[in-house]
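Okay, so here's the structure we're looking at.
Proteins come first, then strands; the chains are lettered A, B, ... in the order of their sequence lines, and each starts at number 1.
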Amino acid sequence: MADPRKILVTSALPYANGPIHIGHLVEYIQTDIWVKFQKLRGNECIYLCADDTHGTAIMMSAQRTGCTEEEWIARISDEHQRDFAGFGIEFENYGSTNSPENYELCKQFWQSFRDAGLIRQEAVTQLFDDEKGIFLADRFVRGTCPKCGAEEQYGDSCDQCGATYSAREIVNPVSTLSGTMPSVKTADHLFIQIEELHGFLEEWTQSGDHLQSEIANYLKGHFLNEPLRDWDVSRPQPYFGFEIPDAPGHFWFVWFDAPIGYMASTKQYCDRTGDDFNQWWKNPDTEIHHFIGKDITYFHTLFWPAMLKVAEFTLPTKIHIHGFLTVDGRKMSKRDGTFVKAETFLKHLNPAALRYYYAAKLNNRVEDLDLNLKEFTAKVNTDLVGKVVNLASRTAKFVEDLGLSTEYPDDGGLFNQGAEAGEAIAAAYENCDFNRAMRLIMELADRANPFVENREPWNLRKDPERQQELQDVCTVALNLFRQIAIYLQPVLPEIAEKTSSLLGDPITYWEQAATPLTGTPVAKFEHMMKRIEEKDVDAMIDESKEENAAAAAEANTTQYNDSAQPLIDEPLAEEITFDEFVKIDLRVARVVKAEHVEEANKLLKLTLSLGGDETRQVFAGIKKAYNPEDLEGRLVVMVANLAPRKMRFGMSEGMITAAGPGGEDVFMLNIDEGAQPGQRVH
RNA sequence: GGGCCUGUAGCUCAGUUGGUUAGAGCAGGGGACUCAUAAUCCCUUUGUCGGCGGUUCGAGUCCGUCCAGGCCUACCA
């Protein structure tokens, strides 16, 4: 074998703003398969990733949920890592762009740009949300199109007439963050003069097979055919990110520190294992492979190589760009339930099924990949259960006592054919043409099953004279099966592991597929993979729909894209007079005690203070929505003059005001800071 | 408007540097077997290879053009 290659692999850093879904998984599964393949081939390969944690959207999410940014990203990171692990995706290190290692590296890159004289400063005028105190990116502004007058358009362009403009030109702008009208404010930004690297980028993108050809063409026609504009890499405070050391009040734009996160994650890996960081990032013999989606192409094909060049690190060997996922031919949709979270998938289906299906569909072009749910079920069941696993399950038990023959029997050349196919399969894996690899592997299974059929081990079994022949037939079948399991190991590591235990020989390297196993015992056969049932797929889609309904309720409050459903569910009541209204005495009250009520499913027992010694005992149906501990001390709004009512658990002397359909969806009224218990609500 | 990609059996796709009657898997139809997760095996139907024109002894494969679909762009990075 040739000398092992030294290969560093990354997937794009998932943004710490939401859960991993099946769309993300295309990339992580693709990358993980490639990495596992490299390892199986005996190469030294490390797979690194991290959460991308900076930017305005993270600030908003943290604010919305009432926690600090650090708490928010810690929680998301845990969820992401849990989901990846659930799909068998294994990283050498999973970091965060909000790490000290990343900060140090950012400083280093920054200094390189300073030293090269490529940074300049310029004032940028932007819309500013006075209430939230932040500058508004275009997508956070909505208003009326200055050209055609269409309402509710985003800050950069109009859906109706297609006009593009700056957010400052939009008529009646509204911040989608606060709903207020933004003001105009100017702040200094720092720019990298990337045009200085034009020649280098031209050369790098157009040569050396660093990019898929369609991407190289695209860059040539779109960016490299004119001077590159300066890249705005700073954001004024407040911004969740790293403050630029030599420019107080300025923070690195999230896209500046995000790719550096690949290196920070490597640094953490090296610090933990004692490996040498420079062997990975300052070593021309190391291959660096980035797997990304087509949406972030130019960050990785222009800015990132430019950054590495200036800071004198190793340039990527190849940027592997994939398309998006569609489900049943359409964009993933929350309403259709096809926006399936990784977590939800795992509740209903085997992750190996998705790994195999994606492998069977992936090629090395920038093409969208369609998850056709019917095909998914059929393909996984037919190929994996029916053809591959079946080989073992139909023969293993015949040789549980005998083990494998001590010499590999005549199989008509099947095993050798399989061994010879190895290089073509490996080449397909290497080129990320997994679709081709899967096809080639399935051809092997298609040849193996007829062999078993023709030799009829189930009849041999009945004849004591032909036990040797029985053992030989099963030895062949199990070896053909094992050969396939080895080739499939990058995609289906669990099957390979189960095969290892079945035949008592660990699968650890690719070349094992070229030598048959003989004379080893065969363990009791255990199921390796369950068939996918249509009802499980349906249940997964249904659950995704329900999740969406709940999430939509939350999102609506922040985006003003409010549903009409609540009014439909509960139409407006009959008109009343002012005199009727003032009969209701609403008071601010403080929850001084909140406790569970034994035997009650929905009720909490609250003791409310109206100030002084005045208290009321109220039973409120909010048990499913609130924890008693969280309520104590907070202010609520109560109906204070409601006639007391005898309940099973005691007297209730009023009502807490809250909205929502009930159950877990109860939302108590909050009162702004400054209100005092006992004050009347008018 | 510009750029890129795709268009081969009902579906998903293979078709190598142009070379004889265009392939596979799935689905459909018929049969066999019963070891296996109603798995497996055998047989079997279907194509103006998007249209038109050209180069060539010969084109799904090259060139032109048109049609259809997708993606990216339209002076934002």
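Listed nucleotides B/C35, B/C71, B/U6 differ in distance to A/K294; the shortest reach to its side chain belongs to B/C71. With distances taken from any side-chain atom of A/D446 to the nucleotides B/G25, B/C35, B/U12, the minimum falls on B/G25. Distance from the side chain of A/W458 is smallest for B/U34 among the nucleotides B/C75, B/U37, B/U34. Residue A/F324 has its side chain nearest to B/C72 when only B/C26, B/A32, B/C72 are considered. Nearest nucleotide to the side chain of A/T382, out of B/A77, B/C26, B/C35: B/C26. The side chain of A/R531 lies closest to B/U37 when the candidates are B/C75, B/U37, B/U12. Comparing B/C35, B/C13, B/C26 against the side chain of A/K361 picks out B/C13 as the nearest.
Just one residue in the list A/L211, A/I319, A/I215, A/T10 forms a side chain to side chain contact (heavy atoms under 4.5 Å, CB included) with A/H300, and that residue is A/I319. Residue A/H54 forms a ring pair (Phe, Tyr, Trp, His ring centres under 6.0 Å) with just one option from A/F242, A/F251, A/F253, A/W252, and that option is A/F242.
To the nearest whole angstrom, the two P atoms, one in B/G3 and one in B/U46, are 43 Å apart. When the P atom is used for both B/C4 and B/A77, the distance is 23 Å, rounded to whole Å. Taking atom P on both nucleotides, B/U20 is separated from B/C5 by 27 Å, rounded to a whole Å. Atom C1' of B/A22 sits at a distance of 9 Å from the matching atom of B/G47, rounded to the whole Å. Annotation: B/G53 and B/A9 have their C1' atoms spaced 27 Å apart (nearest Å). When the C1' atom is compared between B/C72 and B/U55, the two are found 33 Å apart, to the nearest whole Å. Between the P atoms of B/C42 and B/C26, the separation comes to 10 Å (whole Å). With P as the reference atom, B/U65 and B/G1 are 16 Å apart, rounded to whole Å.
Note on A/F299: nothing from the nucleic acid sits closer than 4.0 angstrom, heavy atoms only. Contact annotation for A/M438: no contact, since no heavy-atom pair falls under 4.0 Å across all strands. Here A/Y298 lies in heavy-atom contact (under 4.0 Å) with a base. Heavy atoms of A/K374 sit nowhere under 4.0 angstrom from any nucleic acid atom. Among the atoms of the strands shown, none is found under 4.0 Å from any heavy atom of A/M442. Using a 4.0 Å heavy-atom distance criterion, A/D232 is classed as making no nucleic acid contact. Nucleic acid contact for A/V389: base, since at least one base atom lies under 4.0 Å from a heavy atom of the residue. Counting non-hydrogen atoms under 4.0 angstrom, A/P450 reaches the backbone sugars and phosphates but no base.
Between the CG atom of A/L503 and the CZ atom of A/R482 there is a distance of 7.0 Å, given to the nearest 0.5 Å.
Whole-Å rounding puts the A/E367 CD to B/G70 C1' distance at 10 Å. Protein atom CD of A/E453 is 13 Å distant from nucleotide atom C1' of B/G31, rounded to whole Å. Atom P of nucleotide B/C41 and atom CG of A/N449 are separated by 5 Å, given to the nearest angstrom. Atoms CG (A/D383) and C1' (B/U40) sit 14 Å apart, rounded to a whole Å. Regarding A/N381, its CG atom lies at a distance of 15 Å from the C1' atom of B/A36, rounded to whole Å. Atom CG of A/L384 and atom P of B/C26 are 13 Å apart (whole Å). Whole-Å rounding puts the A/L373 CG to B/U12 C1' distance at 15 Å. A/I441 has its CD1 atom 21 Å from the P atom of B/A24, to the nearest Å.
Across all strands shown, B/C35 remains unpaired; no Watson-Crick or G-U wobble contact has both distances below 3.5 Å. Pairing for B/U6 is with B/A68, a Watson-Crick or G-U wobble pair whose two hydrogen-bonding atom distances lie under 3.5 Å. In a base pair of the Watson-Crick type (N1 to N3 plus N6-O4 or O6-N4) or a G-U wobble (N1-O2 and O6-N3), with each distance short of 3.5 Å, B/U20 is matched with no nucleotide. Pairing for B/U55 is absent, with no Watson-Crick or G-U wobble pair whose two atom distances lie under 3.5 Å.
In this model, the phosphate group of B/A36 is approached by a side-chain N or O of A/K397 to a distance below 4.0 Å at OP1 or OP2. Distances shorter than 4.0 Å separate some side-chain N or O of A/R436 from OP1 or OP2 on B/G15. Residue A/R439 places no side-chain N or O under 4.0 Å from the OP1 or OP2 atom of B/A14.
Ranked by how close their nearest RNA chain B nucleotide is to the 5' end, A/N372 and A/K462 are led by A/N372. Nearest-nucleotide positions on RNA chain B for A/V385 and A/N454 put A/V385 closer to the 5' end.
Defined by atom type and a distance below 3.5 Å, a donor-acceptor pair is present between the side-chain atoms of A/H189 and A/D232.
A/F324 carries A/K294 over the face of its six-membered ring, with the cationic atom under 6.0 Å from the centre and within 45° of the normal. Relative to the ring axis of A/F339, A/K334 places its NZ or CZ within 45° and under 6.0 Å from the centre. A cation-pi arrangement is present between A/R120 and A/F191, with the terminal nitrogen or guanidinium carbon under 6.0 Å from the aromatic centre and inside a 45° cone about the axis.
A salt bridge does not link A/E533 with A/K530: every distance from a Lys NZ or Arg NE/NH1/NH2 to an Asp or Glu carboxylate oxygen is 4.0 Å or more.
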